[in-house]
Amino acid sequence: MGQVERRKRYTRIQAVWHVSDFVSVVGGFVLGHAIRFSPVVTAIVPARTEVPPLRLYFYAGVAAAVLWIFLFHALGLYRAEGSRRAVRFPVLVRSSVLGMLLNAAVAFFY
């Protein structure tokens with residue numbers, strides 16, 4: 001495999017990782033809305049006010065996904081050059097904690 005083909009393959013792999021992370025984060029927000037405001041859960045823990053529209057959770061999920069993808073990309077977690085897992089794990093933990101803190105900060109001011 002030549003240099004150009006290898007670069008194209010790495011770019012495709014990175015694109016799949018970006019899209020899968022985006023779908024996972026947005027899907028998590030939408031699923032969270034579906035679970036929280038399902039009739040089973042609201043029978044146990046009633047909602048304080050009316051049920052918020054799903055589109056607000058969708059928009060929040062898109063904002064969170066963009067934040068996560070930017071953070072993971074900035075810390076080099078989307079590089080496909082193949083570093084060892086032992087090297088990537090501390091970076092993954094660090095970026096996950098930082099992402100949670102940033103999302104909490106954004107949610108606080110929202």
Side-chain angles (χ1 to χ4, degrees):
M1 182 182 311
Q3 182 74 18
V4 174
E5 289 85 15
R6 185 176 302 132
R7 183 40 105 190
K8 285 181 184 178
R9 181 171 176 249
Y10 287 159
T11 302
R12 277 187 234 120
I13 290 171
Q14 289 172 342
V16 168
W17 287 344
H18 282 82
V19 169
S20 67
D21 282 350
F22 184 84
V23 169
S24 298
V25 172
V26 173
F29 272 76
V30 171
L31 184 63
H33 180 275
I35 291 172
R36 170 60 184 101
F37 298 109
S38 70
V40 174
V41 175
T42 54
I44 299 169
V45 182
R48 293 184 183 172
T49 60
E50 69 276 354
V51 176
L54 180 62
R55 69 180 154 77
L56 292 178
Y57 275 70
F58 178 77
Y59 293 149
V62 169
V66 169
L67 181 70
W68 279 100
I69 290 171
F70 174 76
L71 184 65
F72 280 10
H73 190 80
L75 293 175
L77 289 173
Y78 290 125
R79 279 191 220 125
E81 276 77 29
S83 63
R84 294 186 339 239
R85 285 182 196 210
V87 174
R88 279 194 170 181
F89 186 73
V91 176
L92 179 63
V93 170
R94 187 177 330 126
S95 62
S96 295
V97 169
L98 186 58
M100 286 186 280
L101 288 173
L102 286 174
N103 275 320
V106 169
F108 178 77
F109 290 111
Y110 176 68

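Residues take their numbers from the sequence shown, with the count starting at 1. Note that this is a predicted model, so its numbers are computed, not measured.
- Connectivity analysis of hydrophobic side chains (ILVMFWY, heavy atoms under 4.5 Å, direct or indirect) links Val45 to Ile44.
- To the nearest 0.5 angstrom, Gln14 atom CD is 7.0 Å from His73 atom NE2.
- The two atoms that bring Ile69 and His18 nearest to each other are CG2-CD2, 3.3 Å, heavy atoms only.
- A continuous path of Ile, Leu, Val, Met, Phe, Trp and Tyr side chains, each step under 4.5 Å between heavy atoms, connects Leu71 with Val62, placing both in one hydrophobic cluster.
- Under a 4.5 Å side-chain heavy-atom cut-off, the cluster of Ile, Leu, Val, Met, Phe, Trp and Tyr residues that includes Phe37 is completed by Val51, Tyr57.
- By the criterion of side-chain heavy atoms lying less than 4.5 angstrom apart, applied directly or through intervening Ile, Leu, Val, Met, Phe, Trp or Tyr residues, Leu77 is not grouped with Val19; the two fall into different hydrophobic clusters.
- Phe72 and Val16 fall into different hydrophobic clusters, where Ile, Leu, Val, Met, Phe, Trp and Tyr residues are linked whenever their side-chain heavy atoms come under 4.5 Å apart, directly or through other members.
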All N/O donor-acceptor pairs, side-chain side in residues 21-34, below 3.5 Å, sequence neighbours left out:
from, atom 1, to, atom 2, distance (Å)
Asp21, OD2, Tyr78, OH, 2.5
Ser24, OG, Ser20, O, 2.7
His33, NE2, Pro52, O, 2.9

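- Looking at residues two or more places apart in sequence or on another chain, you find no ring-ring contact (aromatic ring centres under 6.0 Å, His included) involving Trp17.
- At least one side-chain heavy atom of Arg7 sits under 4.5 Å from a side-chain heavy atom of Tyr10.
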Contacts table for residues 93-106: side-chain donor-acceptor under 3.5 angstrom, sequence neighbours left out:
from, atom 1, to, atom 2, distance (Å)
Ser95, OG, Val91, O, 3.0
Ser95, OG, Leu92, O, 3.0
Ser96, OG, Leu92, O, 2.8
Asn103, ND2, Gly99, O, 3.3

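- In the hydrophobic clustering, Val4 connects to no other residue, as no ILVMFWY side-chain heavy atoms lie under 4.5 Å from its own.
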